[in-house]
Amino acid sequence: MRALEGLNPAQREAVQTTRGPLLIVAGPGSGKTRVIVHRIAYLVEHEGVSPHHILAVTFTNKAAREMRERLEGLLGPAGHGLTVGTFHWACARILRRDGQAIGIDPHFVIYDDGDQVSLMKKLLAAEALDEKRVSPRAVLSAISRAKSELRDPDAFSRAAEGHWPEMVAMLYRRYQEQLALNHALDFDDLLIGVVDLFKGDHTVLTKYQERYQYLLVDEFQDTNVAQYEIVRLLGGRHRNVCAVGDVDQAIYSWRAADPRNVFHFQRDFPEHKVVLLEQNYRSTQAILDVADAVIRLAPGRHEKRLWTENERGHPALLHEAYNEGEEAQFVVREIERLTRDREARLRDCAVLYRTNAQSRALEEALIRYNMPYQLVGGTRFYERKEIKDVLAYLRLVLNPYDSASLLRIINVPPRKLGQKSLLELERWAARQGVSLWDALQRMAHGEDDAPGVPPNPLTTAARRACAHFVALIEELQAEREGLTVLELLDLLLDRSGYARFLAESEDDGEERLENLQELRAKAAEYEDVNPAVALGTFLEEVTLVQDVDSLETGGDAVTLMTLHTAKGLEFPYVFIVGLEEGLCPHTRSLDDRAAMEEERRLFFVGVTRAMRGLYLSYAFSRRFYNNVNYNTPSRFLADIPPELLAGGRSPAPAVTVAPGVGAAPARATSRAAERPYEPPPVERRLPTPAALADTVSLRAAPAPAAGAPQFRPGDRVHHAHFGDGIVVSSQLTRGDEEVTVAFEGQGVKKLSLAYARLEPR
DNA sequence: GCCTCTGGATTTTTT
DNA sequence: ATCCAGAGGC
């Protein structure tokens, strides 16, 4: 039985308990994903359950993707028909199919963060509220929390006491009205919609209960009330619900996740079994000791001991950096050493941080050292203006009632429809009680002077512009059915004049066009999808799956991401940077006990990502936006017994604390790998630099060609990444040469010649 | 209506 | 540092 191969007794039990509710309590690295995947394989291969009847929901797209891949590997074509995806994705699918029963347009759009904010700003303006006094995001987050707890505007209103709650209640109501008018749902509505649907329509509920007879929910501790309700309803009939979770890894309470759902599950499915997975296969004992020291201080937790049969390994290394730049340099140099010693490939290394803003210093260092990296998350591709603009056009083609999209692009490229005209238009539509699109159509088709219609306030020029716009959208709508997504995209770029508009915009038009190329590439993937649903599927994917760049190009690169994003992943070598008070734990958690506990769990999650090497670092000073902060080391570091840390010394010895001040590191302890890595690929991106060839002599090594800089100020040079530039200055440093170059249009960069390929021109 | 300038805020984490 | 809203000039 392939599905049971290589499993320990607990894992085996989890796999074989297929009937009835099951709670799997899975510590980090305990083979959780493996168990889920094998359990599904066991259901299909051994119990003869049709994949069609199995639904596995995860929390993030990344997790869903990984699970799908692993299932494919294990089951192959036999796994065809499995449903694996995030909660939001699965709900969107259900609502597209059956949402009409509760009045949801099958062509609904999903409003992302940006759409929500602009809608809320409009509402605030309409209520004469100053958005500087009432933050749109704060209101939205209050609404989101209410929605996650399944409190509708009425319930919210009833409970509201005081200025702020009453105002939020009013805005909540208006917000929902607007969404309905736009045929739009926000992320929370996807979940609520399914709950309403299931509760309101017994036939539909039964249909889905019969369809998904086997339910698996990963990261159960991160479900919110709405998500739990979906699980409870869907699994209520066949009761084959497998919940997998670990309250020690609950890090999403800010998104209204409620770890108490684990207890609710036990209450609502009293016949459930519990399986504990405690053996860790991921990390060395040394790393687990650190993890345990951190998490054991979390109050009110079940004493749960992680243990492993893995070797002890090397102690974690704690590094104090002078500032964020030096911290980044420490990381990069250490990764360079690991790869040079063939202990690791770049893809074995991950750098984790608390906030996305911290990635910048790391990126700068990585670029300077010419080290390939992959940034996960951060400024998302689909949040770029040009992408959002073009997507807004596509959304309008499918659902012209989406006035957020309409207003976004009705004057992009400029059609001489300014704020004033648009405001008049909105008022005019509101007075008639119709959507913007209806109003525009009336105008364009000359039906705006019918009796009972208020006089059209727009100027002749503005009316003509509107008519033009309506004709454009109608043309695209007419063409849609006969075209692939890519063809439609290209048609739109041409007819709307958007492509020309970008090409002619002086500064960054070129870069934006390039981004559009990426969107075209994405659209091309939908060539084989049924044309009737291709556009809808495409739009849904880009809204729900926002991390386009985690496509795992297969290349060898260092991974950069936040601690949150790292959950569920593992890496042989993990660097956690910025371990300072105010950052990790974050300032916003300092005065909130529960939030502080979550910060601890977050750090715990980070530590337990590491398989064989763990590096912790903090910086003495850190630049925020304008000013420099001096933070004390994170309180979590103090919770780790000193003997578990190699402070300053390293299993993989490193670099000076501040330039020129370093202690010579001890090389002798450095064989961290229990099985050596494959040497890096033939084509090595990292030339072994003379400067670091001998770590012992960081300070004293004389430059090989002392006193002869390769570049002088004024030299014209070329760099693969930055293009052409002129040398500003050059400095010899212990065998290396640091060249400061002013690049055309890229600004001034400091490059290390040992890494960067800088060519004279 | 459109462009440019200025002052203020912005950064926690994600579907 | 960078993005955005509002003001003012063309």
Side-chain angles (χ1 to χ4, degrees), chain A residues 57-64 85-92 110-114 116-118 121 124-125 130-133 135-137 141 144 147-148 185-191 219 222-224 226-227 250-257 352-361 364 376-380 382-385 411-423 459 461-462 465 505-506 540-547 561-567 578 582-590 592 595 598-599 601-603 605-606 622-627 629 747:
Chain A
V57 280
T58 61
F59 202 60
T60 64
N61 293 297
K62 208 190 316 285
T86 63
F87 263 106
H88 291 84
W89 174 82
C91 289
I110 301 168
Y111 272 16
D112 68 12
D113 191 61
Q116 294 178 53
V117 170
S118 40
K121 283 183 177 175
L124 291 176
D130 182 359
E131 69 180 55
K132 277 170 190 148
R133 307 215 44 168
S135 146
R137 279 180 193 283
S141 111
S144 174
K147 287 184 168 189
S148 311
L185 303 182
D186 67 16
F187 285 122
D188 300 311
D189 288 336
L190 296 172
L191 307 175
E219 306 288 7
D222 286 330
T223 52
N224 63 28
Q227 287 162 330
I251 54 173
Y252 283 102
S253 77
W254 53 274
R255 249 177 73 180
L352 311 182
Y353 36 80
R354 180 64 231 268
T355 67
N356 278 308
Q358 289 169 259
S359 71
R360 181 165 305 182
E364 279 170 12
V376 182
T379 315
R380 292 191 228 316
Y382 295 116
E383 275 168 26
R384 290 162 204 255
K385 205 190 303 137
N411 200 33
V412 181
R415 297 186 179 91
K416 299 192 186 291
L417 283 168
Q419 270 181 356
K420 189 141 179 306
S421 302
L422 291 180
L423 195 66
T459 63
S505 74
E506 64 288 344
E540 188 158 302
E541 184 111 333
V542 297
T543 319
L544 252 30
V545 186
Q546 298 242 322
D547 52 345
M561 64 183 139
T562 65
L563 288 163
H564 280 88
T565 315
K567 187 159 78 150
L583 207 51
C584 184
H586 196 270
T587 333
R588 312 245 163 151
S589 304
L590 293 182
D592 180 338
E598 184 150 305
E599 299 279 333
R601 293 194 295 269
L602 187 58
F603 181 48
V605 165
R622 188 172 295 273
R623 185 177 290 276
F624 271 109
Y625 18 109
N626 234 354
N627 39 1
N629 283 34

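Here is how names work: the chains are called A, B, and so on, in the same order as the sequence lines, proteins then strands, and each is numbered from 1.
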*asked:* Rounded to whole Å, how long is the line connecting atom CG of Asp113(A) with atom P of dT15(B)?
replied: 12 Å
*Are any of Ser421(A)'s side-chain N or O atoms less than 4.0 Å away from OP1 or OP2 of dG1(B)?*
yes
*Just by distance, with hydrogens left out, do Thr355(A) and Gln358(A) show a side-chain donor and acceptor under 3.5 Å apart?*
yes
*Which nucleotide, dT13(B), dA5(C), dG1(B), lies nearest any side-chain atom of Lys121(A)?*
dA5(C)
*Do any side-chain nitrogens or oxygens of Asn411(A) fall under 4.0 Å of OP1 or OP2 in dC2(B)?*
yes
*asked:* From CD of Gln358(A) over to P of dT11(B), roughly how many Å is that when rounded to an integer?
replied: 15 Å
*Just compare dT11(B), dT15(B), dT14(B) and give me whichever is closest to any side-chain atom of Arg137(A).*
dT11(B)
*asked:* In whole Å, I'd like the distance from the CD1 atom of Ile110(A) to the P atom of dT15(B).
replied: 13 Å
*Heavy atoms only: give me the nearest Asp222(A)-Ala250(A) pair and the separation to one decimal.*
OD1-CA, 3.7 Å
*Atom-to-atom span, OH of Tyr353(A) to P of dT11(B) - whole angstrom*: 16 Å
*Taking all atoms of both residues into account, what is the closest heavy-atom pair of Lys121(A) and Pro136(A), and its distance?*
CG-CG, 3.8 Å
*Given atom NZ of Lys416(A) and atom P of dG1(B), what is their separation to the nearest angstrom?*
10 Å
_dT13(B) pyrimidine/purine six-ring stacking with Trp254(A), under 5.5 Å and 30°_ = yes
*asked:* Looking at Gln227(A) and Leu191(A), would you say the former's side chain and the latter's main chain have a donor-acceptor pair under 3.5 Å?
replied: no
*Starting at atom CZ of Arg623(A), determine the distance to atom C1' of dT10(B), rounded to an integer number of angstrom.*
17 Å
_Rounded to whole Å, please give me the gap between CG in Leu423(A) and P in dG6(C)._
13 Å
_From the set dT14(B), dT15(B), dT11(B), return the single nucleotide nearest to any side-chain atom of Tyr252(A)._
dT14(B)
*Please figure out whether Gly418(A) or His586(A) has its closest DNA chain B nucleotide nearer the 5' end.*
Gly418(A)
*Where the side chain of Asn61(A) is concerned, which of dT15(B), dC2(B), dT11(B) is the nearest nucleotide?*
dT15(B)
*Report the C-alpha distance between Val117(A) and Arg137(A) in whole Å, list the side-chain angles of each, state the deciding distance to 0.1 Å, and finish with yes or no for side chain to side chain contact (heavy atoms under 4.5 Å, CB included).*
CA-CA 7 Å; Val117(A) 170; Arg137(A) 279 180 193 283; 3.8 Å; yes
*Between Arg415(A) and Phe624(A), which is nearer to the 5' end of DNA chain B once each is assigned its nearest nucleotide?*
Arg415(A)
_Please pick, from dT13(B), dC4(C), dT15(B), the nucleotide with the shortest atom-to-atom distance to any side-chain atom of Thr562(A)._
dT13(B)
*Atom CD of Glu131(A) and atom C1' of dT10(B): how far apart are they, to the nearest Å?*
13 Å
*Counting any heavy atom closer than 4.0 Å, what does Leu191(A) reach on the DNA or RNA strands: base, sugar-phosphate only, or nothing?*
nothing
_Please pick, from dT14(B), dT13(B), dG1(B), the nucleotide with the shortest atom-to-atom distance to any side-chain atom of Thr565(A)._
dT14(B)
